[in-house]
Amino acid sequence: GSGPATEPAAGPAANGPAKAVLQTDWYAQPEHGGFYQALAKGFYAEEGLDVEIRPGANMNAIPQMVALGRVDFALGAMDSLVIQRARGIPLVSLFPYFQHDPQCVLFHPQSGIKRLEDLDGREVMFQPGMIYTDFLQRAMGLDLKLLPMDWSLARFTNDESFVQQCFLTSEPVVLRRQGFDPGVIPMSESGFDPYRHVYANDELVATQPEMVAGFIRASIRGWRDFMNGDPTPAFGLIMQNNPQQSVALMEDTLAQMKRHSLTEGDVEAGEALGQVNLMRVRRLVQQLDDIGLLDRPVTAQEIIALSVLPASLVVGASHGPG
Amino acid sequence: MNKPAAKSLPWRALAWPSAFGIAMLALWYAAVLWGGLPEYQLPAPHRVVAEGLNEAPTLWSGLLQTLYACVLGFTASVAGGLLLSILLASSNWAYQGIYPYVLMLKMMPIIVLAPIIIIWFGQGIASITVITFLICFFPIVANTTMGLRSIDRDLAALFQVYAATPAQSLLHLRIPAALPYFFTGLKVAAALTPIGALYGDTVAGMGSGSQAGLGFVVVIFSSQLKVPALYAAAFTACAIGFLFVGLVNLLSWWALRRWHESYLGEEA
Amino acid sequence: MNKPAAKSLPWRALAWPSAFGIAMLALWYAAVLWGGLPEYQLPAPHRVVAEGLNEAPTLWSGLLQTLYACVLGFTASVAGGLLLSILLASSNWAYQGIYPYVLMLKMMPIIVLAPIIIIWFGQGIASITVITFLICFFPIVANTTMGLRSIDRDLAALFQVYAATPAQSLLHLRIPAALPYFFTGLKVAAALTPIGALYGDTVAGMGSGSQAGLGFVVVIFSSQLKVPALYAAAFTACAIGFLFVGLVNLLSWWALRRWHESYLGEEA
Amino acid sequence: MGRPGLPERPTRADAGASPTAVAPLDRGQPALIELAGVGKTFDGRTKVLDGIDLALPRGELLALIGPSGCGKSTLLKLIAGLVRQSAGRIVVGGGAPAEAEGKLGFVFQDANLLPWLNALDNVALPLKLMGAPKAKRRQTAREMLDMVGLSRVPDHYPRELSGGMRMRVSIARALATGPEILLLDEPFGALDEMTRNSLNEELLRLREQQRWTAVFVTHSVSEAVFLSSRIAVLAANPGRVHTTKRIDLPFPRTARTRELPDFHALVAEVTRSLHNVPGQTA
Amino acid sequence: MGRPGLPERPTRADAGASPTAVAPLDRGQPALIELAGVGKTFDGRTKVLDGIDLALPRGELLALIGPSGCGKSTLLKLIAGLVRQSAGRIVVGGGAPAEAEGKLGFVFQDANLLPWLNALDNVALPLKLMGAPKAKRRQTAREMLDMVGLSRVPDHYPRELSGGMRMRVSIARALATGPEILLLDEPFGALDEMTRNSLNEELLRLREQQRWTAVFVTHSVSEAVFLSSRIAVLAANPGRVHTTKRIDLPFPRTARTRELPDFHALVAEVTRSLHNVPGQTA
Ligand SMILES: Nc1ncnc2c1ncn2[C@@H]1O[C@H](COP(=O)(O)OP(=O)(O)OP(=O)(O)O)[C@@H](O)[C@H]1O
Ligand SMILES: Nc1ncnc2c1ncn2[C@@H]1O[C@H](COP(=O)(O)OP(=O)(O)OP(=O)(O)O)[C@@H](O)[C@H]1O
Ligand SMILES: [Mg+2]
Ligand SMILES: [Mg+2]
């Protein structure tokens with residue numbers, strides 16, 4: 001430390017708050033609420049962090065930006081990270097902020113779809129490269145005629161047989177406001193059930209474990225506060241970043257998030273906010289390996305940043321550090 | 001018989017576009033009224049206007065941001081395109097050796113280049129400018145190069161007789177002679193500019209607050225099925241394009257009106 | 001001094017591109033070796049080749065699919081662009097009245113038009129063709145229109161003296177005279193074609209099995225961070241572009257070699 | 001050099017009449033080309049022609065002669081309907097100049113060839129525009145090229161021809177259709193004296209078959225006297241008719257005509273009046 | 001019309017010497033322009049020039065005369081280094097033709113003006129290329145335009161000029177730099193006789209100040225005799241020197257020269273030798 005010796009150089013406060021960038025996976029929306037809440041209420045600052053939340057629609061460059069340290073943290077689905085890890089890209093999962101991926105199938109009730117198996121032989125508009133697609137096709141043997149996702153609802157509203165991917169909390173809300181009553185089935189019902197998580201690169205975890213741990217603590221605190229407390233501070237920041245959000249819309253979304261218990265998962269089954277179950281992770285790895293998406297086998301220990309994750313949040317450790 | 005009036009800026013020329021515009025509008029209304037399409041499929045023109053006004057603050061800040069990106073991207077395309085053309089037209093080996101790689105750069109899908117661009121230039125205006133440049137520069141290069149290589153043999157001989165340096169030939173012969181081609185390329189580039197900036201915005205933009213351009217607005221409106229507002233945003237983007245094309249036309253008129261066939265009346 | 005050899009197809013001309021290609025490859029390797037970039041950022045050339053071979057079946061079927069879309073889209077652009085240019089250059093009112101709307105069509109973000117296109121033309125090759133057309137046709141229109149409007153006044157007078165019908169003037173004067181512009185526009189359109197088809201693929205394509213074009217392949221490789229394979233796919237798309245540009249160059253050489261400055265040697 | 005099968009004007013039935021019958025000017029006839037008080041101002045600033053009165057009966061061969069820039073080319077273009085007059089009235093063949101298009105042959109001051117056609121195709125072009133069948137077109141074009149001494153270079157492109165050769169292609173093109181009215185803007189200016197004289201004679205020979213009415217510009221007084229039935233000497237700034245002189249040398253004229261004392265007297269007279277023209281620019 | 005301040009060739013110090021001192025040809029001097037066995041074949045098929053031997057001492061005024069298409073323009077371009085010979089050797093000013101560029105003035109057969117510059121700027125162009133300061137450029141260009149009788153139209157663009165006016169701009173441009181070597185390709189062909197004669201005289205007057213060595217093409221034998229110190233008559237197919245004729249009329253020559261009996265005798269003699277030239281194409 002080159003700072004004045006009046007303070008112990010241990011804390012990040014020695015050189016002012018540590019800067020950190022969180023790259024989200026879309027424009028600002030309540031699905032990122034916990035992070036905005038943590039920012040708005042100063043939870044990050046309390047951990048000595050100066051966090052910038054950076055929205056964007058550019059999904060494809062984000063893992064590379066994290067791997068190269070251009071941003072510190074990013075949001076994503078754990079299945080992608082497993083595949084990337086297997087490809088030798090040094091990314092690790094920090095903690096899940098959604099216990100189950102809110103990725104769903106959206107359809108009109110008239111289409112007669114009741115289960116994911118009913119998609120067999122149909123045209124579906126999915127984001128190309130979404131790993132669910134491979135699972136549905138290869139593990140479940142469904143015959144899907146894939147259309148690339150265009151991030152619009154125009155065709156859905158025009159065609160009663162149209163089926164597309166959606167985010168549990170987004171498109172259905174928009175559609176209900178337009179007077180539709182769409183059917184929704186979470187993709188995780190397929191049995192392929194990745195977490196939605198925050199990830200970083202190996203180097204950051206290795207060199208600044210304190211900062212990362214602080215970020216995790218503050219984020220989880222933010223999420224807890226956002227889901228159970230008053231979401232207004234986060235709403236304020238979100239609207240400031242994305243004028244297209246309105247309080248009403250955000251409340252609808254939040255209600256959906258609560259209804260589906262996105263952050264806490266199935267509490268009765270022992271799931272909790274921020275918790276990672278290594279059994280689930282192993283199953284996920286196994287499933288990915290079974291459908292041939294892994295270049296090499298990877299272990300749960302490689303994928304999860306156990307060194308910075310509070311032990312209380314890790315379950316299912318059959319061996320290795322707890 | 002089909003040349004624009006020589007020498008005077010065709011303000012009168014607004015008559016025909018207006019007439020056609022009214023006809024298109026009528027057609028549009030007819031489609032809305034009798035086509036039986038719901039508003040989220042094809043909104044009526046007045047609804048587009050209304051929603052546009054409704055979303056005016058968003059559109060306005062998006063417009064400013066995208067306009068900024070367009071100005072930077074277009075300027076970069078013009079400067080870069082011109083320099084590249086001069087290099088390409090300067091010698092056979094440059095033309096044969098470099099052109100294929102310029103083409104390759106042009107043909108590389110942006111989605112492939114985007115990660116590299118963002119890593120190098122960071123998320124935000126710099127990357128958007130680069131993407132806009134990549135989308136816009138090629139028409140300028142292709143046209144200007146063709147123009148620079150189509151020099152009248154006799155005029156070239158004249159410059160040779162007077163032992164003009166390559167720089168003099170370029171400045172006094174090749175560039176003036178290439179102007180009609182250059183402006184044609186410029187017009188194409190101008191029309192591509194808002195598209196490039198919008199696309200750049202969705203790929204490399206910061207989707208927050210005052211830094212969100214029209215690309216962001218378009219994506220959000222589209223995902224929220226705000227179709228009239230989406231159309232308003234698209235027309236806003238078109239307005240930028242018209243601004244650029246208009247500027248290019250003005251420049252082209254100013255540079256060519258005295259001598260180029262495309263601006264001369266039938267007489268003389 | 002910087003004109004290609006007249007009259008003979010420049011097979012020799014492969015020398016310079018090859019030399020530059022080798023230099024670029026060396027540079028690429030240097031960047032990989034000393035730039036310290038990981039493979040997911042910049043894969044070594046041989047890795048691209050290896051992964052390309054590895055994914056050969058996917059690339060091959062994507063190539064065929066995209067090539068098909070390119071052929072359709074390019075043909076549509078050429079035919080549509082040519083017809084539109086002739087219409088635009090046929091009279092002042094058409095030019096002034098229609099050009100702005102052609103421009104507007106060009107400047108409309110595809111993301112806005114895509115839903116309408118898909119509703120009208122259905123998912124698949126028809127819509128991809130339309131999107132490719134929308135991306136490619138404008139350079140042809142802008143260039144050909146400029147060419148058709150830049151007719152030498154004296155030659156126009158000659159045709160007037162012989163009471164040539166508008167169709168005759170078009171066929172025997174305006175079109176031949178506009179060829180240098182037309183081919184320049186064609187070259188730009190050819191370079192845009194694979195981009196258009198790829199983009200159309202990601203917007204309106206079918207992503208399964210043999211119907212998945214390179215656009216789909218690129219998006220998937222990109223989202224899975226299969227970077228060497230991604231580069232291989234991008235180069236495959238470039239190959240289509242080169243095929244088209246090469247064809248255009250051949251055609252242009254054939255049509256212009258006897259008389260246009262850009263193909264004449266310095267003598268005579 | 002009188003070749004068989006030169007194209008005949010398709011619109012006239014009496015092409016077989018005795019050649020000499022053409023020579024006396026049909027002065028009683030209404031004028032085929034008539035200009036009355038014609039003026040031309042460019043861009044509202046440059047007054048180029050002013051008060052031009054000219055009447056050409058059918059069969060007339062009018063030579064225009066005058067200082068550089070006096071408006072000769074402009075006058076030809078007015079008659080061809082390529083430029084619209086600012087003042088006065090122009091009647092060609094009983095109607096507006098534009099209506100006479102298609103009956104015209106025009107040799108422009110520059111050769112004005114299509115760069116993408118070879119010599120033969122350039123000559124054949126007007127025949128193509130008139131819908132002549134391909135074989136006929138090629139045959140006529142070949143004969144015309146032959147007449148102007150270019151039978152060896154039918155496949156040369158304009159850029160491969162010398163300046164004089166280009167002008168001769170242009171002359172061949174204008175004559176190929178057997179036009180009713182022939183407008184020639186310094187057609188022989190780029191040619192050497194021998195080629196020029198022989199083409200002059202060829203032209204008059206052709207006239208006996210084709211019987212066009214012609215207006216031609218020349219800077220050579222002797223050429224004007226040799227070819228024309230009337231000479232108009234123009235003055236410049238603004239261009240106007242200074243004098244006209246009827247040339248009553250008998251038709252048919254041949255190389256011998258140039259040796260007549262009358263010929264020399266006329267050349268001298270026209271030269272004199274040319275020297276008196278005001279508005280010489282140099 | 002002899003104007004003050006005409007541009008002097010900047011490379012010669014003795015420009016102030018008595019004009020008449022130029023007239024006698026410096027026959028002892030080594031040739032400034034020398035062609036030995038020069039041939040030119042286009043595309044390996046068309047033999048245009050063959051075995052041309054010519055040597056021009058400094059100060060020579062060589063007229064080229066010959067049938068259309070015999071290779072006169074090609075010969076000028078060879079001397080200017082614009083076209084490379086297929087056979088033989090060309091030395092200009094002691095080196096290859098290309099090295100002499102910049103000391104040349106060239107009037108092309110077509111006016112060859114830049115369409116985007118007006119008359120004045122077209123004339124000033126070579127001065128600009130030589131780096132003359134702007135004021136000097138404009139002054140010289142104005143004087144030159146004045147000399148060719150175009151002082152009224154400095155701001156006209158080429159398309160607003162008549163054919164003859166365009167040629168005169170081109171002549172003014174070639175003279176503006178006071179070149180060491182002047183190559184003129186039918187410079188006066190598009191001009192009426194009076195303008196032509198007066199420009200001929202102007203040219204000779206200018207030569208007394210600028211002292212260029214010139215090769216010029218003309219189709220007018222009397223112009224050739226009037227202007228030149230030697231005439232080369234070319235034959236065609238392939239182009240070769242048929243005869244050369246020294247013109248020993250005394251300098252300075254004026255309008256009076258045309259009235260000398262010697263003048264007429266020379267014109268008649270050259271015309272005769274021209275008539276004997278083989279390869280006439282028409
Ligand atoms: N690029 C070329 N290819 C083939 N032949 C050519 C080319 N350029 C010129 N020629 C031929 O060279 C010959 C001489 O041309 P050049 O222009 O020198 O003639 P010229 O003596 O100047 O004739 P003119 O008096 O008509 O101007 C002509 O027969 C012409 O056809
Ligand atoms: N577009 C124009 N604008 C202005 N002036 C013009 C235009 N076209 C021609 N002129 C002027 O008209 C005058 C006559 O031109 P024209 O070509 O008819 O002359 P000409 O008698 O044929 O001369 P030449 O013998 O040199 O060919 C010239 O002074 C020229 O400057
Ligand atoms: Mg004229
Ligand atoms: Mg010549």
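Just so we're clear, the structure is a prediction, and the values are computed from it rather than from any experiment. Chain letters run A, B, ... following the sequence lines, proteins first and then strands; every chain starts at 1.
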Legend entry - Spacing of CG belonging to E/Leu82 relative to CZ belonging to B/Arg153, to within rounding of 0.5 Å: 11.0 Å
Legend entry - chain B contact via E/Leu113 - side chain, backbone, both or neither, heavy atoms under 4.5 Å: backbone
Inset, instruction - Of all the heavy-atom pairs spanning B/Trp259 and E/Pro115, show the shortest one and how long it is. - result: CB-O, 3.0 Å
Legend entry - Contact class of B/Ala156 relative to chain E, heavy atoms under 4.5 angstrom: neither
Inset, instruction - Quick one: closest heavy-atom pair of B/Arg258 and E/Arg159, and the distance? - result: O-NE, 3.0 Å
Legend entry - Contact summary for B/Tyr162 and E/Leu129, nearest pair of heavy atoms: CB-CD1, 3.8 Å
Inset, instruction - Count the heavy atoms of every other residue, nucleotide or ligand shown that sit under 6.0 Å from CZ of B/Phe235, and state whether that count exceeds 12. - result: yes
Legend entry - B/Phe159 side chain reached by E/Leu125 side chain, heavy atoms, under 4.5 Å: yes
Legend entry - Proximal component of E/Phe106, with respect to chain B [non-hydrogen, under 4.5 Å]: both
Legend entry - Backbone N/O of B/Asp154 and side chain of E/Asn112: donor-acceptor pair under 3.5 Å: yes
Legend entry - Residue part contacting chain E, namely of B/Leu173, when any heavy atom lies under 4.5 Å: both
Inset, instruction - Could you pull out all residues at least two apart from B/Trp254 that satisfy side-chain contact (heavy atoms from CB on, under 4.5 Å)? - result: B/Arg257
Inset, instruction - Pick one of side chain, backbone, both or neither for E/Ala111, based on which atoms fall under 4.5 Å of a heavy atom in chain B. - result: neither
Legend entry - Sub-4.5 Å side-chain heavy-atom contact between B/Leu158 and E/Arg173: yes
